[in-house]
Amino acid sequence: MAVREVRTGWQRLLFFLLSIAVGVGALVGIASFSANLEGAIRREARTLMAADLELTSSQPFDAETRAAAAAWDDEGARAAELAEMPSMAARTDGSRTQLVELKALRGDYPFYGELVLEPARPLAELLADGGIVVEEALLLQLHVAVGERVKLGSRSFRVAGLLRREPDRVAAAFSLGPRVLMALGDVESAGLITVGSRVRHKLLLALPPQLDVAAVTSELDAALADERVQVRSFEAAQPTLRLFLARMRDFLRLATLVTLVLGGLGVAQSIRVFLQQKQDTVAILKVLGASTGEVTAVFVVQCLGLALLGSGLGLGLGALIQQVLPRVVGELLPVEVVGEFVPAAALEGLAVGVVTALLFCLLPLLAIRGVAPAQILRRELAAIPPVADRRARVLALIVLGGGLVGLAAWLAGSWWLGAIFVGGVAAALLVLGVASAAGLALLRRLPRARSLSVRQGLGNLTRPGSQAAAVMVSLGLGVAVIAQIQLVQSGLLARVADDAPADAPNFFFVGILPDQVEPFRALLAAQGALEGHRLVPIVQARLARVGGREVAEMQFASESQARSVTREFAITWQDALPPGNEVVAGTWWSPEAAGRESWVSVEESLARRLELEVGEELVFDIQGVRVATTVESVRAVDWGQLQTNFMFILTARALAGAPTSWAATARSRPGPEGRRALQAAVIAAMPNVTAIDAAEVIERVQALVDRIAGVIRFMAGASVLAGLVILAGSIAATRFRRVREAAIFKALGATRGVLLRSLAIEYAGLGLVAGTVGTVVGAGLAWAVLTLVLGIPWHAPIGVMLGLPVVTAGLTVLVGVGALLGVIAEKPLAVLRGE
Amino acid sequence: MIEIVGLTKTLYSGGHPLQILHGIDLLVPAGEFVAIMGPSGSGKSTLLGLIAGLDTPTSGSVKLAGQELVGLGEDALARLRGRTLGFVFQSFHLIPTLTAEENVAVPLELRGDRDARPRARALLATVGLAERGHHLPGQLSGGEQQRVALARAFVAEPPILLADEPTGNLDSATGERVLALLADLRARTGTTMVLVTHDAGLAARADRVVTLKDGRIDSDRRAG
Ligand SMILES: Nc1ncnc2c1ncn2[C@@H]1O[C@H](COP(=O)(O)OP(=O)(O)O)[C@@H](O)[C@H]1O
Ligand SMILES: [Mg+2]
């Protein structure tokens with residue numbers, strides 16, 4: 001019976017299938033893609049570390065550590081030593097400079113993975129006698145060719161070859177500048193490592209097959225006395241990148257829920273229209289003695305079958321999305337991802353699709369209760385869809401809400417997140433629903449237009465059963481998501497780029513040695529960059545004791561939490577409270593007290609995390625020397641300011657004698673020439689100083705934000721697509737009626753132009769309301785994210801605010817008019833002769 | 001006023017040709033009232049539709065007020081209908097989104113008439129629906145809807161009026177009222193009228209009765 005029921009009117013149910021397919025496709029595409037990505041990372045984990053395990057530290061390794069790492073040498077273990085740091089490279093004439101990521105090495109790097117060099121000769125050979133291997137980007141920037149020389153630190157190096165691929169390089173999107181490889185011995189001779197350098201020291205180990213990597217890792221970890229040294233096996237390679245990718249995956253999975261909910265709305269819509277057409281059947285079945293339950297069962301079985309079919313269609317779509325995604329994500333990926341079929345993702349997609357469809361079928365199917373057998377005698381009633389009674393509707397809504405929270409919790413892996421997300425989507429839908437209803441009410445209130453096309457077009461929107469509200473909500477949701485992404489992105493970028501006041505510093509210098517401070521000032525003066533410059537001392541330190549507890553003995557809930565406390569901090573001393581800082585507890589010290597007392601001022605959020613209060617003890621470990629301080633104040637810091645900020649500011653007395661380097665912010669003369677001149681002057685006089693050009697950093701941040709936004713926009717595209725499916729569904733549902741009306745108009749003398757105009761007005765109105773409401777809701781969300789979460793001033797580009805509704809209207813007109821062109825072309829007689 | 005020569009219409013349903021009209025010749029002078037009768041399925045509606053240019057004939061020619069329909073484009077046909085024709089359908093065919101008054105005004109508005117609304121209102125009063133102008137078709141009874149449709153057909157004062165079983169969907173008392181109205185309107189305007197009906201009594205009021213059978217003219221009698 002169920003099968004027989006479907007056979008009639010199946011075209012209408014095409015939209016049921018499509019609605020489900022889009023959401024399932026997005027989910028399966030993302031789940032498969034990330035599963036394949038994780039698989040690839042796991043498979044290539046050794047390559048991503050280029051070793052079996054690594055020791056990392058911000059300090060050079062001491063003899064003890066080296067000895068511990070050498071314990072397996074007799075059994076065939078091999079070691080390589082690396083030092084990675086940012087540095088400045090320049091033409092030998094000093095006219096062009098570039099920030100680079102320097103990697104100095106000794107030994108057989110890499111143990112795993114391939115280093116692709118040009119010419120294809122062994123790395124050691126190329127690096128011999130002061131050779132360096134660089135990425136081509138550096139040569140393009142400096143206008144230098146292979147074989148010529150480049151200045152790094154206090155000496156110059158011959159470019160011996162090009163680096164084409166490096167196994168353990170994280171995505172280029174995250175890097176500061178092009179890579180330079182050199183021999184470890186040369187780093188020392190060029191004086192590149194000074195007290196202020198941010199060096200990451202690494203000891204890579206490759207183990208012979210008979211040794212177990214995990215066992216060696218834990219044995220080594222236990223043997224090392226120095227807690228500043230971290231030991232990691234290849235399985236934990238690239239932790240930051242993996243964390244980033246995992247977050248991205250979780251977010252995207254959750255984001256597919258928007259598409260699924262829209263798909264659900266589409267399902268509800270198709271079922272409602274379907275049932276409306278099937279009212280006679282329902283009434284006849286009831287007259288023949290079928291109970292409401294039996295009739296409902298027939299339709300539930302149909303829904304189930306269609307849901308399975310739609311989900312199956314979604315699997316195909318997912319396979320397609322999975323192929324496209326790598327291109328969208330692009331450089332963010334450290335490894336190549338193959339588009340393999342992932343059974344788990346497919347199963348999940350099927351299950352989620354079926355559950356979503358059934359949840360959304362519930363409400364319209366309840367209407368079967370409302371169909372009276374006697375209805376068969378009153379045909380004219382059939383134009384109005386039946387509704388279920390109030391109690392049943394409330395119950396259905398509760399089941400729907402609960403089911404959605406469950407789905408979201410499953411997708412997000414957390415009940416809490418799931419509930420928040422569903423709440424957010426429900427709130428957005430509610431706002432959109434109310435706004436759309438208000439928009440339609442406004443249209444209805446409008447004085448009847450003089451023009452026939454306008455009156456007819458708008459009348460079609462506001463007539464009962466027009467489904468305009470449903471379409472507006474679903475399209476509006478998609479638009480809202482896009483508007484939010486667009487506005488947050490432009491808000492972020494405006495913050496980083498354009499909004500910076502003209503006198504804000506545009507250069508950041510690190511690694512200035514104490515005896516270079518005065519020459520550096522003189523240099524700034526000579527470059528016209530003295531005004532507004534700031535120089536701050538920096539000391540590298542770790543926390544040793546916090547409020548009477550030894551950090552080494554603390555227990556942490558997670559690794560990331562542990563890292564946030566045990567990591568190395570750049571701390572400073574200051575007499576005066578720096579700009580952008582505000583004391584929220586305790587008092588700021590006087591210059592006299594700063595020379596007398598060992599005090600510290602702690603940043604607000606960190607103080608909260610460490611449970612530190614004014615008056616408590618805080619002990620720092622500065623390269624093995626303990627420095628005890630008392631918390632004198634807690635500060636709120638405006639992190640949005642483009643300047644050096646510190647978690648800990650100490651009194652000068654506390655840090656007297658600590659190994660110190662200085663950092664500076666300054667503003668060059670305007671224009672690229674001014675920037676180049678300042679950079680070149682600094683590097684010529686003080687090759688150990690690293691200059692970071694804000695413009696360059698902004699460019700890289702922009703590129704990264706663009707990529708991420710691209711991925712998110714891809715998801716938003718899926719929800720807009722779901723909205724368009726709903727639009728198409730609603731058009732199909734009204735097609736019959738429209739054919740008849742078009743025929744009447746033509747019989748009365750209306751040309752096709754008149755009909756086209758009224759259609760265009762109808763869909764432009766629909767798209768304009770949906771687009772405006774969606775943009776406003778999206779702008780509200782973006783405002784919340786920018787001002788409440790990120791603390792960035794709200795900024796609304798007029799182009800986006802006006803453009804989105806117009807584009808939406810254009811798209812709706814295109815879809816609507818396109819779908820109904822056939823209606824206009826039809827000959828009137830065939831339509832009007834009937835009855 | 002209406003000149004039909006050798007009109008045929010063949011439909012293809014499921015690949016099989018089905019000839020509905022077999023060469024109709026008919027001349028209706030201006031001001032004449034012609035009733036078309038014949039059994040169901042004899043081709044009456046098809047003929048009327050072809051006269052109105054609502055479909056294209058397979059062969060033959062149709063001229064309205066000297067203007068040949070065959071060969072005209074969609075939009076030219078629509079404009080011609082707007083100028084010369086009123087049409088009343090069996091199932092009313094009002095636009096459900098427009099009020100009664102707006103429905104009546106449509107033909108005038110399509111011509112760009114400036115005082116469409118007052119004229120529509122006046123004609124609605126003539127058919128006895130002065131009070132119902134702001135009602136939507138769904139809120140009117142069948143007889144009222146057909147009266148609105150009559151007003152709509154006459155509002156532009158077309159030289160030709162075509163009506164296809166205008167009382168077919170109404171009970172006889174209501175049908176009588178509608179017909180009386182139709183006759184009254186025609187008498188007032190002197191419109192040429194072609195009316196399809198099964199009602200012999202009604203046919204008796206016509207100047208001429210044409211009977212169709214299997215797509216051919218079976219008889220053509222002048223009322224005496
Ligand atoms: N679109 C169509 N497809 C198939 N047959 C049609 C179509 N239109 C009309 N016919 C057939 O043409 C014949 C004449 O129809 P019609 O003009 O409506 O007759 P009448 O109005 O006299 O009852 C009928 O047999 C009908 O079945
Ligand atoms: Mg007929």
Side-chain angles (χ1 to χ4, degrees), chain A residues 379-384 443-444 447-466 468 734 736-759 761-762 821 823-835, chain B residues 9 11 44-46 48-50 52-56 73-99 101-112 114 116-117 134 136 138 142 149 152-153 155-156 158 162 164-165 168-169:
Chain A
R379 294 218 68 189
E380 64 274 23
L381 281 184
I384 303 153
L443 285 184
R444 218 170 285 138
R448 297 285 253 182
R450 293 196 70 80
S451 150
L452 184 66
S453 301
V454 174
R455 187 154 11 95
Q456 180 62 8
L458 296 184
N460 261 334
L461 282 182
T462 53
R463 73 204 281 173
S466 79
T734 60
F736 175 72
R737 192 189 72 205
R738 288 168 185 284
V739 167
R740 189 169 152 261
E741 281 177 29
I744 299 174
F745 268 111
K746 282 164 125 184
L748 296 179
T751 57
R752 284 169 298 186
V754 170
L755 296 176
L756 261 181
R757 219 171 310 137
S758 93
L759 272 185
I761 285 165
E762 173 180 352
L821 267 184
V823 166
I824 293 176
E826 214 134 338
K827 288 269 177 206
L829 184 60
V831 183
L832 298 176
R833 68 202 327 280
E835 286 128 276
Chain B
K9 177 73 184 172
L11 280 176
K44 305 183 295 289
S45 294
T46 306
L48 215 59
L50 289 177
L54 295 173
D55 205 348
T56 39
E74 278 279 319
D75 291 341
L77 278 174
R79 277 190 214 102
L80 181 70
R81 276 195 293 271
R83 276 199 313 273
T84 53
L85 276 181
F87 208 119
V88 181
F89 301 93
Q90 178 176 349
S91 34
F92 327 140
H93 287 322
L94 297 179
I95 310 269
T97 35
L98 302 182
T99 63
E101 185 181 307
E102 284 165 349
N103 260 288
V104 175
V106 166
L108 294 176
E109 286 183 329
L110 284 172
R111 294 199 316 203
R114 292 217 143 260
R117 302 305 290 269
H134 59 281
L136 291 172
R152 186 178 66 181
V155 74
L162 305 175
D164 190 358
E165 298 186 44
N169 277 5

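Chain naming here is simple, since letters A, B, ... match the order of the sequence lines and numbering starts at 1 in each.
With rounding to the nearest 0.5 angstrom, the CD1 atom of A:I744 is 8.0 Å from the CG atom of B:N103. To the nearest 0.5 angstrom, B:E102 atom CD is 4.5 Å from A:R455 atom CZ. Note that the CD1 atom of B:I95 and the CD atom of A:E741 stand 5.5 Å from one another [nearest 0.5 Å]. Separation of atoms CG (A:L748) and CD (B:E109) is listed at 11.5 Å; rounding is to 0.5 Å. Remark: A:L452 CG to B:L108 CG distance equals 11.0 Å, nearest 0.5 Å.
At a 4.5 Å heavy-atom cutoff, the contact between B:R117 and chain A is made by side-chain atoms alone. Looking at B:R83, neither its backbone nor its side chain comes within 4.5 Å of chain A, counting heavy atoms on both sides. Of the atoms belonging to B:D164, not a single heavy atom falls under 4.5 Å from chain A. With a threshold of 4.5 angstrom between heavy atoms, B:F89 approaches chain A through side-chain atoms but not through N, CA, C or O. Only the backbone of B:L94 comes within less than 4.5 Å of a heavy atom in chain A; its side chain stays farther off.
Looking at every heavy atom in both residues, B:V106 comes nearest to A:F745 through CG1-CE2, 3.8 Å. The two residues A:A747 and B:R81 make their nearest non-hydrogen contact at O-CD, 3.4 Å. When all heavy atoms of B:A78 and A:A750 are compared, the closest pair comes out as CB-O, 3.2 Å. Considering every non-hydrogen atom in both A:P828 and B:L54, the closest pair reads CD-O, 3.2 Å. Here the closest heavy-atom approach between residue B:L98 and residue A:Q456 is recorded as CD2-OE1, 3.6 Å.
Chosen from B:D55, B:L80, B:L136, the residue pairing most often with chain A at heavy-atom distances under 4.5 Å is B:D55.
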Review point. Would B:K9 and A:L829 count as a side chain to side chain contact (heavy atoms under 4.5 Å, CB included) if you check the C-alpha gap in whole Å, the side-chain angles of each, and the deciding distance to 0.1 Å?
Key: CA-CA 13 Å; B:K9 177 73 184 172; A:L829 184 60; over 6 Å; no
